[in-house]
Visitor: 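Quick one: the structure is below, and I'll ask about it shortly.
Values below: every heavy atom of this structure, side chains too, minus hydrogens, waters and symmetry copies. Numbers for residues simply follow the sequence, beginning at 1.
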Amino acid sequence: MKDGSILIIGIDGPAASGKSTVSRLVAEKLGYVYVDSGSLYRGMTWKAVREGVDVKNTDDMIQLRDRSNWEFFVENRVVRFTIDGEDPGSQIRSEAVRERVSDVAAIPEIREFIVSQLRDTARFGDLVMEGRDIGSVVFPEAQFKYYLDADPEERARRRHQELVSREEESDVNKVLNSLQRRDAKDSGRKTAPLQIPLGAEVINSTRMSIDEVVAHIVSEVVAKRN
Ligand code: DC
């Protein structure tokens, strides 16, 4: 299958489906570059919050997009970026960003810009890219496409445990509600909604460990890539 072109593994799925951990580990095991596409939507949201731009005002968001300068680089096999020379770092995980990012991700003009930046990361080499529209929009021709899912209760339980382990306050029912709200927003938006990409293999990880999911993907890629 490998003919000298870049090999792309797209891993899509809803919030807290285990995508990030699985994608990172798959990239590590295969020696590929990892791209968290959500971090770009979060980066754009961070920039808006920082500059006091209302994310619901599409014209202002387009102006912000046009005046900000993004630079991409790879560090430890992970794609990172700066906006106007600044690395948003862990601030992309802040509550201010979390609350607004679904609105930013629903703006077609912002998606168009981010999709083109994401496609451009293929210049860094073979990729594992996680997101919501990787196999459907960003790289529909990707050689490997997966849609990682788990029952909402299990996803809420995992996210809750993650928060507790970071010593953050958490209530599992509230986490479930918030996940379901985000799923509905991400699946219901007009542009590039969360969906199972054509040709993607669906992996329901409700009763699987992270290691099992990773081993499954890695073995398929190794078997087919040569
Ligand atoms: O995966 P995440 O939680 O970091 O994603 C943040 C937001 O960006 C979330 O609302 C979904 C959206 N997103 C998207 O629309 N398309 C992607 N490829 C990745 C994320």
Visitor: Mind listing the closest non-hydrogen atom pair of Arg132 and Ser136 along with its distance?
Guide: O-OG, 4.5 Å
Visitor: Start with the C-alpha gap between Val128 and Ile217, add the side-chain angles, then the distance that decides, and say whether side chain to side chain contact (heavy atoms under 4.5 Å, CB included) holds.
Guide: CA-CA 11 Å; Val128 179; Ile217 296 177; over 6 Å; no
Visitor: Is Tyr146 close to Glu220 at the side-chain level, that is, under 4.5 Å between some pair of heavy atoms?
Guide: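 Yes, side chains in contact.
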Visitor: In Å and rounded to the nearest 0.5 Å, what is the CZ to CG distance from Phe113 to Leu118?
Guide: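 It comes to 9.5 Å.
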Visitor: Under the criterion side chain to side chain contact (heavy atoms under 4.5 Å, CB included), I'd like the reasoning laid out for Ile134 against Ser37: C-alpha separation, chi angles, the key distance, then a yes or no.
Guide: CA-CA 8 Å; Ile134 308 310; Ser37 65; 3.7 Å; yes
Visitor: Establish, from distance only, whether the side-chain atoms of Thr206 and Asn204 form a donor-acceptor pair under 3.5 Å.
Guide: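 Looking only at side-chain atoms, Asn204 and Thr206 do form a donor-acceptor pair, the distance falling under 3.5 Å.
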Visitor: Answer whether the closest heavy-atom distance between the side chains of Arg111 and Ile114 falls below 4.5 Å.
Guide: no
Visitor: Taking the side chain from Arg181 and the backbone from Ala184, do they hold a donor-acceptor pair closer than 3.5 Å?
Guide: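 Side chain of Arg181 to backbone of Ala184, a donor-acceptor pair under 3.5 Å: no, none is there.
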Visitor: Is any side-chain heavy atom of Ser205 closer than 4.5 Å to one of Arg158?
Guide: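 Yes - at least one pair of side-chain heavy atoms lies under 4.5 Å apart.
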Visitor: Say whether, by atom type as modelled, one donor and one acceptor occur between the side chain of Asp54 and the main chain of Lys56 under 3.5 angstrom.
Guide: yes
Visitor: Give a yes or no answer on whether the side chain of Lys185 reaches the backbone of Ser102 with a donor-acceptor pair at less than 3.5 Å.
Guide: no
Visitor: Check this for me: Arg207, atom CZ, are more than 12 non-hydrogen atoms of other residues, nucleotides or ligands nearer than 6.0 Å?
Guide: no
Visitor: Do the rings of Phe72 and Phe81 sit parallel, tilted or perpendicular, given the 30° and 60° boundaries?
Guide: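 Tilted: the ring planes of Phe72 and Phe81 meet at 30° to 60°.
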Visitor: State yes or no: do Ile11 and Ile210 share one hydrophobic cluster built from I, L, V, M, F, W and Y residues joined by side-chain heavy-atom distances below 4.5 Å, directly or via other members?
Guide: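 Same cluster.
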Visitor: Going by the side-chain contact (heavy atoms from CB on, under 4.5 Å) test, name the single residue among Ile6, Asp133, Ile9, Leu127 that passes it with Phe139.
Guide: Leu127
Visitor: So if I apply the salt bridge (charged side-chain N to carboxylate O under 4.0 Å, His left out) rule between Asp36 and each of Arg42, Arg93, Lys19, Arg80, which one comes out positive?
Guide: Arg93
Visitor: Transitively linked via ILVMFWY side-chain contacts under 4.5 Å: Trp46 with Phe73?
Guide: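 No: no chain of side-chain contacts under 4.5 Å links Trp46 to Phe73.
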Visitor: Can a donor-acceptor pair be found, under 3.5 Å and without considering hydrogens, that links the side chain of Asn69 to the backbone of Asp84?
Guide: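 No; judged by distance alone, with no hydrogens or angles, the pair does not exist.
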Visitor: Could you measure the distance from the NE2 atom of His160 to the CG atom of Asp171? Nearest 0.5 Å is fine.
Guide: 7.5 Å
Visitor: Closer than 3.5 angstrom, by distance alone: can the side chain of Glu154 be matched with the main-chain N or O of Asp151 as a donor-acceptor pair?
Guide: no
Visitor: Supply the atom-to-atom distance Tyr32 OH to Ile8 CD1, rounded to the nearest 0.5 angstrom.
Guide: 10.5 Å
Visitor: Counting only heavy atoms not in Glu141, do more than 12 fall under 6.0 Å of its CD?
Guide: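 Above 12, so yes.
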Visitor: Are Val35 and Leu194 connected in a single hydrophobic cluster, I mean Ile/Leu/Val/Met/Phe/Trp/Tyr linked by side-chain heavy atoms less than 4.5 Å apart?
Guide: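 Different clusters: Leu194 never reaches Val35 through Ile, Leu, Val, Met, Phe, Trp or Tyr contacts under 4.5 Å.
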Visitor: Give a yes-or-no answer on whether the side chains of Tyr34 and Glu130 include a donor-acceptor pair shorter than 3.5 Å.
Guide: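 Yes, side-chain donor-acceptor contact under 3.5 Å.
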Visitor: Strictly below 4.0 Å, N to O, side chains only: are Glu153 and Arg157 in salt-bridge contact?
Guide: no
Visitor: State, with a plain yes or no, whether a side-chain heavy atom of Trp70 is found less than 4.5 Å away from one of Leu40.
Guide: yes
Visitor: At their closest point, which heavy atom of Ala192 faces which heavy atom of Arg189, and how far apart are they?
Guide: O-NH2, 2.8 Å
Visitor: Looking at side-chain heavy atoms only, is the closest gap between Met61 and Met44 below 4.5 Å?
Guide: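 The answer is yes, as the side chains (C-beta and beyond) meet within the 4.5 Å cut-off.
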Visitor: Indicate yes or no: at least one non-hydrogen side-chain atom of Gln91 is less than 4.5 angstrom from one of Val49.
Guide: no
Visitor: About how many Å separate CG of Asp103 and CG of Asn57, when rounded to the nearest 0.5 Å?
Guide: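 That separation rounds to 12.0 Å.
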Visitor: Measure the shortest side-chain to side-chain distance between Leu179 and Pro152 over non-hydrogen atoms and say whether it is less than 4.5 angstrom.
Guide: no
Visitor: Taking all non-hydrogen atoms of both residues into account, name the closest pair between Gly13 and Tyr147 and its distance.
Guide: CA-CE1, 3.9 Å
Visitor: Quick check: closest heavy atoms across Met208 and Glu212, and the distance to 0.1 Å?
Guide: CA-OE1, 3.3 Å
Visitor: Any side-chain heavy atom of Thr121 sitting closer than 4.5 Å to one from Val33?
Guide: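 Not in contact.
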Visitor: If you measure from the Lys or Arg side-chain nitrogens to the Asp or Glu carboxylate oxygens, is any gap between Glu95 and Arg98 under 4.0 Å?
Guide: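 Not counted as a salt bridge, because no side-chain N and carboxylate O are separated by less than 4.0 Å.
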Visitor: Decide if atom CG of Asp66 counts as having more than 12 heavy atoms of other residues, nucleotides or ligands within a radius under 6.0 Å.
Guide: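 Correct, the count exceeds 12.
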Visitor: Donor-acceptor pair, distance only, cut-off 3.5 Å: does the side chain of Arg155 make one with the backbone of Ala15?
Guide: yes
Visitor: Which heavy atom of Lys145 sits nearest to which heavy atom of Gly135, and what is that distance?
Guide: NZ-O, 3.0 Å
Visitor: For Pro193 and Ser187, which heavy atoms make the closest approach, and how far apart are they?
Guide: CB-O, 3.2 Å
Visitor: Could you state whether Val78 and Leu7 fall into the same hydrophobic cluster, counting links through intermediate Ile, Leu, Val, Met, Phe, Trp or Tyr residues with side-chain heavy atoms under 4.5 angstrom apart?
Guide: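 The answer is no; the residues belong to distinct hydrophobic clusters.
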Visitor: Are any side-chain N or O atoms of Ser219 and backbone N or O atoms of His216, one a donor and one an acceptor, separated by less than 3.5 Å?
Guide: yes
Visitor: Which value, rounded to the nearest 0.5 Å, describes the distance between Asp12 atom CG and Asp149 atom CG?
Guide: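 Interatomic distance, Asp12 CG to Asp149 CG, rounded to 0.5 Å: 11.5 Å.
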Visitor: Judged by atom type as modelled, is there a donor-acceptor pair below 3.5 Å linking the side chain of Arg65 to the main-chain atoms of Glu109?
Guide: yes
Visitor: Find the distance between CD (Glu28) and OG (Ser23) and round it off to the nearest 0.5 Å.
Guide: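 That separation rounds to 12.0 Å.
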Visitor: If you count the non-hydrogen atoms of other residues, nucleotides and ligands that lie under 6.0 Å from CD in Glu169, is the total more than 12?
Guide: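 Not more than 12 within 6.0 Å, no.
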Visitor: Counting only heavy atoms not in Glu99 (residues, nucleotides, ligands), do more than 12 fall under 6.0 Å from its CD?
Guide: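 More than 12 heavy atoms, drawn from other residues, nucleotides or ligands, come within 6.0 Å of this atom.
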Visitor: Any Lys/Arg nitrogen of Asp126 or Arg225 sitting under 4.0 Å from an Asp/Glu carboxylate oxygen of the other?
Guide: no
Visitor: Can you get from Ile62 to Val104 by hopping between Ile, Leu, Val, Met, Phe, Trp and Tyr side chains that sit under 4.5 Å apart?
Guide: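 No; tracing contacts between hydrophobic side chains, which count when under 4.5 Å, never links both residues.
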